[in-house]
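The structure appears right after this line, and notes come after that.
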Amino acid sequence: MTRLAELADVIRSKNAGPFEVTFDVIFTDAAVFETVRGSGVLTRQRMAAVFGIDDDEITYCDFFEPALAFKLTMIRQTGDQGGVGERDTFGAQQHAPLLDIEIP
Amino acid sequence: MSLPTTILSPAGILGYGISERALLASVDAGVDVMIVDAGSTDPGPYMLGLGATLVSDEAYVRDLTPLLSVVAEHRIPLIIGSAGGAGTDEQVDHTVALIERIVTEAGHRPLRVASIYAEVDPQVALDALVDGRMEADVRGLLPSESAIAGCTSIVAQMGIGPFAELLDGAAPDVIVAGRAYDPAPYAAWAIRRGADPGVAWHMGKILECGGACAEPKGGGVIATVYSDRFELTPMGASQSCTPLSVAAHTLYEKRRPDLLPGPDGVLDVQACTYTALDDRTVRVAGSRHRPADALTLKLEGASVVGHRAMFIGGVRDPILIAQIQPFLDRIRGLATSMYPDLASGEAQLDFKVYGIDGVLGRLETSKQTPHEVGVLGEVTAPTPELAKEICGTVRIGVLHLGYEGQMATAGNLALPLNPIEIPVGPVCRFDLYHVIDAATLHLFTSTTRTIGPSS
């Protein structure tokens with residue numbers, strides 16, 4: 001078992017418009033990318049569980065081979081962007097739950 | 001047909017800084033046009049809600065000065081999209097005024113400057129809503145009529161049409177556009193030169209972020225556009241574009257990396273190839289654009305929803321830290337019973353506890369107990385005075401209320417700042433971020449005039 005943080009080169013979150021946050025996990029090695037994709041760990045259901053959200057809050061979850069990447073997008077969970085109760089205006093500090101995901 | 005054409009994007013955002021040396025080196029190597037994006041919704045709704053610009057006048061002047069020298073001396077046109085940050089009419093005019101100041105003070109030749117306006121009458125949005133021509137947003141929501149009416153300003157993201165009209169005749173020296181779909185000015189230039197729309201839109205999608213597609217990222221990028229492909233080279237000599245760095249950029253800030261919808265249709269990059277031509281240039285081919293059946297436009301509108309005051313303090317007492325959430329809940333209950341505005345929802349109180357879940361809130365999975373926490377309290381109310389008053393009451397509660405097992409009975413917070421309750425200012429919200437069917441609408445107007453020392 002290896003942590004995603006040790007397999008990927010980039011693990012980040014960012015706003016995708018004012019109502020969504022998108023997460024990118026980018027690998028630099030095609031073989032590692034295949035291993036992660038083939039492991040079946042990074043699925044909608046697993047992502048919903050990791051973040052404790054409903055499945056239908058996820059608006060995109062898939063691999064993108066040209067960039068050796070995995071992308072997840074969800075409805076913003078940390079408040080109206082820039083509004084009352086905002087926690088993260090740029091949506092850039094929400095990636096931590098992805099770091100510890102274990103890949104066999 | 002006049003391909004290939006070379007397009008320079010000198011920065012990801014106008015005002016964030018441009019290397020003059022790299023700019024001039026690129027110009028000397030041959031560039032047909034300079035196009036730069038000045039806007040973003042990324043920093044939140046304040047630019048649209050309050051009319052504030054993204055960066056200061058000094059930052060705009062610092063970036064515009066070398067660009068305008070290139071326009072004046074090399075006769076290379078400059079196009080600016082989403083001027084001022086939100087692309088309101090006032091921000092367009094403000095940008096043109098800065099340009100006029102620079103050109104006049106530098107003694108440049110007179111320049112033809114076109115302004116394209118993107119602000120939209122609220123009635124356009126209201127009609128679209130009532131007629132069923134407005135799509136729900138990604139959360140499944142439509143705005144209310146009163147929310148639309150409450151917007152400080154409403155802009156529509158223009159596609160390639162308004163740019164194409166100006167580029168069809170004798171192109172102006174400078175085009176300053178209001179809110180634009182970020183890739184649109186780049187795509188408009190390339191399509192007018194004869195490039196395939198898929199090539200043009202994909203190139204625009206990458207160029208609007210400047211050198212974000214390079215390794216290391218930053219600065220500007222140059223695209224050489226052919227009819228069926230484009231090539232990317234970073235503006236900075238010490239950077240490289242690689243197949244991975246370019247492909248990875250398609251992921252950035254977008255819901256999905258393969259299908260990218262815009263006002264004129266959908267860009268499909270699923271079949272794209274990214275090939276290294278040398279160690280810093282990448283060729284991109286295979287991009288396809290599926291034109292829309294009818295023009296759609298995304299409307300953006302923001303309103304002021306209240307005024308905010310805050311306090312921040314540290315807690316180092318472990319006995320309080322262990323019960324901080326129930327403690328703050330008690331204070332919330334007391335404040336709500338004292339202030340009818342809190343009870344009714346006209347005013348809001350929010351606590352963020354840094355060290356426990358300040359960043360992630362309910363997404364937080366860590367259960368570790370820290371040795372210290374930061375408590376940020378924020379109150380939003382209809383007036384700044386009420387926000388400050390409620391904030392003061394809450395802060396006094398947090399500072400002085402007792403709790404189970406308390407030993408440190410002199411004060412619960414380490415307060416670093418004075419005054420302790422700090423007015424933050426107006427709070428804005430995106431009330432409109434919705435796509436409308438715009439087939440029958442003619443929303444964008446432009447004017448052209450000559451500016452400079454003799455005008």
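So that the names make sense, note that chain A is the first sequence line, chain B the second, and so on, each numbered from 1. As a basis for the values below, the full set of heavy atoms in this structure was taken, side chains included, without hydrogen atoms, waters or symmetry mates.
- Residue contact with chain B, scored on non-hydrogen atoms closer than 4.5 Å, is absent for Val10(A).
- Among Val138(B), Leu360(B), Leu251(B), the residue making the largest number of heavy-atom pairs under 4.5 Å with chain A is Leu251(B).
- Using a 4.5 Å heavy-atom threshold, the side chains of His95(A) and Arg12(A) count as separate.
- With a 6.0 Å cutoff to the six-membered ring centre and a 45° limit on the axis angle, Arg139(B) counts as a cation-pi contact of Phe19(A).
- Comparing Arg255(B), Glu253(B), Lys254(B), His249(B) by heavy-atom pairs within less than 4.5 Å of chain A, the highest count is held by Arg255(B).
- Within the 4.5 angstrom heavy-atom criterion, only side-chain atoms of Gln348(B), from C-beta onward, approach chain A.
- Heavy-atom distances place the side chain of Ile53(A), and not its backbone, under 4.5 Å from chain B.
- For the options Pro257(B), Ala247(B), Ser40(B), heavy-atom pairs under 4.5 Å to chain A are most numerous at Pro257(B).
- Heavy atoms of Glu86(A) lying under 4.5 Å from chain B belong exclusively to its backbone.
- Interface residue Arg429(B): only side-chain heavy atoms are found under 4.5 Å from chain A.
- Contact annotation for Gln94(A): both backbone and side-chain heavy atoms come within less than 4.5 Å of a heavy atom of chain B.
- Under 3.5 Å, the side chains of Glu57(A) and Gln77(A) contain a donor-acceptor pair of N or O atoms.
- Looking at Arg3(A) and Glu102(A), no side-chain N of the basic residue comes within less than 4.0 Å of a carboxylate O on the acidic one, giving no salt bridge.
- With a threshold of 4.5 angstrom between heavy atoms, Tyr252(B) approaches chain A through its backbone and through its side chain.
- At least one side-chain heavy atom of Phe351(B) sits under 4.5 Å from a side-chain heavy atom of Val394(B).
- In this structure, chain B has no heavy atom under 4.5 Å from any part of Arg76(A).
- With contacts defined as side-chain heavy-atom distances shorter than 4.5 Å, the pair Glu300(B)/Ile154(B) does not qualify.
- Interface residue Thr59(A): backbone and side-chain heavy atoms are both found under 4.5 Å from chain B.
- In this structure, chain B has a heavy atom under 4.5 Å from the side chain of Asp24(A), while its backbone stays farther away.
- In this structure, Thr43(A) and Met47(A) have side chains that are not in contact, with every pair of non-hydrogen atoms separated by 4.5 Å or more.
- Both the backbone and the side chain of Tyr433(B) come within contact range of chain A, with heavy atoms under 4.5 Å apart.
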